[in-house]
Amino acid sequence: MEDDCRPLLSSEQTGESYSHRGSTDSLDFKAKRPFYVEPRNIVDDGPQERVSAEAAILNSRVHYYSRLTASSDRLLSPPNHVIPRTEEIYIYSPLGTAFKVTGSDHSSKNPSIITIFAIWNTMMGTSILSIPWGIKQAGFTLGIFILIFTGLLMLYCCYIVLKSPKSIPYVDTSDWEFPDVCRHYFGKFGQWSSLIFSMVSLIGAMVVYWVLMSNFLYNTGQFIYNYAHNVNVSDSEFGTNGSDRVICPYAKTDPGENHTISTLYFSNSGNDTVLSSFEHWWSKTNTVPLYLIVLLPLLCFRSASFFARFTFLGTISVIYLIVLVTIKAVRLGFHLHFHWFDSTQFYVPEFRLLFPQFTGVLTLAFFIHNCIITLMKSNKHQENNVRDLSVAYLLVGLTYLYVGVLIFAAFPSPPLSKDCIEPNFLDNFPTSDVMVFVARTFLLFQMITVYPLLGYLVRVQVMGQIFGNHYPSFFHVLALNILIVGSGVLMAKFYPNIGSIIRFSGATCGLALVFVFPSLVHMISMRRQGLLRWPSAIFHSFLILLGMANLLAQFFM
């Protein structure tokens, strides 16, 4: 009797209840097998239409056929070509009512252009600030080549992830994500290992966010203090053409020369004591990371829907960064001098052995593999998924190239060395720069809204797997959030190098979710179909070795 009261259009195959799936407006009629009530069987045309006895008998017959096969077997399921249009589908209940499905398949879908920019916006993150530093570590020529090559590899592995659920026969994979695919092929090991490596990417991103938020908050406060107290910061020693100032926070070239990064001029001598007190309570590594702990309550919200409304700030921040980079490059001009293998006082060689640091950064910069299936489900034209994914990766790659090449080329050499480029290229501009101050402020507010979203994703995945409940209790959630925030505070205090944090977390999560699991899933799937050939096996085995080498190399750089 319990089964007879269950609607046929349910998530029975995935073990989810009908109520858990949401309203009828969110149902995908091609992903499920609906019960079709012909119009002549609708007795009453109302909000809850009454159906005839003939339709009820047909419902019982479909229930009978569903008992003949396992819930995961689709041999006796109706094929796609006999499923009626959306406006003709009804969810039938044996209690005598039918609910109409109202255009869920088309109205809730996005055109290709929206899907492409959704992927672009999702992939654009804090890594963009480290691209110029990565190019410097690899060398200008080799860095450009590595960026293009890594982007192509990441695109191909993402394509494997996208098509992996569809390569599993006789199983309804319409609601599957890549961890479900890993569980299908590798059991509990695949499920838990994919979860752990996904956590590495998310928690790594949260640590980077905490370091950057500390940085931006410190520089914003410094700008406001200098303006309010009429403190003049002069960086004339590093000026290039009198219009823009660029600094080298840590002198790395020619240690014989005694460079002073900046000289402070005060309107009166009494400001010395005020400045000393301010620097004591407003330190980039000692105090500011602790002040941000006030964000901890935001992580304990049951839902992160409020913060999701501010995701547009990410797009605005990236666009503003592109404009900022363009203006700075125009004002500073290009400073390039090609030395292929030997460094000079002001220039780094075109090919450097530190290039694995850049590959680690790019692995996270191009990483979207753990959510690409969800993003592409909303694409209206599913047949264009591969094309739209490729275009999105092209836009991301061009954005990284544009920012990285312009910042590296425009960095004034001489008087400074290219080796002065920081993991966060905004640190190469003085606190008094108004345009950079606006950029830091934008990014600070964006990260304050995105940080709770990342924490929500971590909580949902961890608590859901361990306790089967996304919010088991306030104290469980608080303990998890304290661990996450504590790791961010410690890194911001003792190791605030976002370049190294990004490359280690990128290489770690990329090993499993980009190289190993997608390649193994592809080879196993092709072997079961009898289509695996030795060139394909060699190439995908090479991808696995490449991912391992990428991670190991991070420890020797």
Side-chain angles (χ1 to χ4, degrees), residues 125-137 207-226 233-235 237-240 244-253 259-264 279 282-289 292 317-318 320-322 324-325 327-329 331-332 335 348 357-358 361 365 403-404 406-413 415-444 446-447 488 491-503:
T126 56
S127 301
I128 193 173
L129 300 175
S130 298
I131 297 297
W133 173 81
I135 291 179
K136 181 256 296 187
Q137 296 299 91
V207 170
V208 171
Y209 268 49
W210 198 273
V211 175
L212 285 175
M213 286 190 296
S214 302
N215 183 307
F216 296 150
L217 181 60
Y218 168 79
N219 283 284
T220 301
Q222 192 75 48
F223 177 87
I224 296 174
Y225 176 86
N226 291 343
V233 181
S234 174
D235 298 293
E237 185 176 358
F238 302 105
T240 56
D244 287 88
R245 309 296 181 191
V246 179
I247 64 174
C248 183
Y250 306 100
K252 305 170 186 175
T253 61
H259 288 299
T260 303
I261 295 176
S262 61
T263 305
L264 300 180
E279 290 179 343
W282 196 255
S283 170
K284 182 185 293 186
T285 57
N286 292 330
T287 59
V288 174
L292 286 172
S317 300
V318 173
Y320 184 80
L321 275 179
I322 294 174
L324 172 67
V325 167
I327 294 176
K328 292 297 182 181
R331 292 181 177 177
L332 292 171
H335 303 265
V348 297
Q357 296 185 357
F358 193 30
V361 170
V403 173
L406 281 190
I407 289 295
F408 182 90
F411 195 81
S413 303
L416 299 178
S417 169
K418 296 289 186 184
D419 210 31
C420 284
I421 298 177
E422 290 294 302
N424 173 9
F425 74 83
L426 294 179
D427 286 343
N428 288 117
F429 296 97
T431 305
S432 57
D433 193 309
V434 177
M435 290 191 64
V436 178
F437 164 76
V438 174
R440 287 170 174 149
T441 305
F442 260 125
L443 289 169
L444 176 61
Q446 178 219 348
M447 291 179 181
M491 294 299 289
K493 180 175 177 60
F494 297 106
Y495 194 71
N497 187 329
I498 67 167
S500 294
I501 301 173
I502 290 175
R503 66 185 178 93

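Just so it is clear, the values below take in all heavy atoms, side chains as well, and ignore hydrogens, waters and symmetry mates. Note that the structure is predicted; figures quoted are calculated from it, not measured.
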[X] to [Y] - nearest heavy-atom pair and separation:
| X | Y | result |
| --- | --- | --- |
| Asn428 | Ile421 | OD1-CA, 3.5 Å |
| Pro496 | Thr285 | CG-CG2, 4.2 Å |
| Gln446 | Tyr209 | NE2-OH, 4.4 Å |
| Ile131 | Phe358 | O-CE1, 4.0 Å |
| Val288 | Lys284 | CB-O, 4.3 Å |
| Pro132 | Phe425 | CG-CD2, 3.9 Å |

Side chain of [X], backbone of [Y]: donor and acceptor closer than 3.5 Å?
| X | Y | result |
| --- | --- | --- |
| Arg440 | Leu426 | yes |
| Trp282 | Tyr218 | yes |
| Lys418 | Phe411 | yes |
| Asn424 | Leu212 | no |

[atom1]-[atom2] distance between [X] and [Y], expressed to the nearest 0.5 angstrom:
| X | Y | atom1 | atom2 | answer |
| --- | --- | --- | --- | --- |
| Gln137 | Gln357 | CD | CD | 4.5 Å |
| Ser127 | Arg503 | OG | CZ | 13.5 Å |
| Ile407 | Ile128 | CD1 | CD1 | 10.0 Å |
| Leu324 | Ser317 | CG | OG | 11.5 Å |
| Trp133 | Ile498 | CH2 | CD1 | 9.0 Å |
| Thr220 | Asn215 | OG1 | CG | 9.0 Å |

Any side-chain heavy atom of [X] sitting closer than 4.5 Å to one from [Y]?
| X | Y | result |
| --- | --- | --- |
| Phe429 | Met435 | no |
| Gln222 | Asn226 | yes |
| Leu416 | Val246 | yes |
| Asp433 | Lys328 | yes |
| Leu321 | Val403 | no |

Under the side-chain contact (heavy atoms from CB on, under 4.5 Å) test, which residues partner Ala492, sequence neighbours left out?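 For Ala492 the side-chain contact (heavy atoms from CB on, under 4.5 Å) partners, ignoring immediate neighbours, are Trp210, Val211, Ser214, Pro289.
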Mind checking side-chain contact (heavy atoms from CB on, under 4.5 Å) for Phe223 and listing every partner two or more places apart, or none if nothing turns up?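 Only Thr431, Val434, Phe437 meet the side-chain contact (heavy atoms from CB on, under 4.5 Å) criterion with Phe223.
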Can you name the residues that form a salt bridge (Lys or Arg N to Asp or Glu O under 4.0 Å) with Asp427, not counting sequence neighbours? none
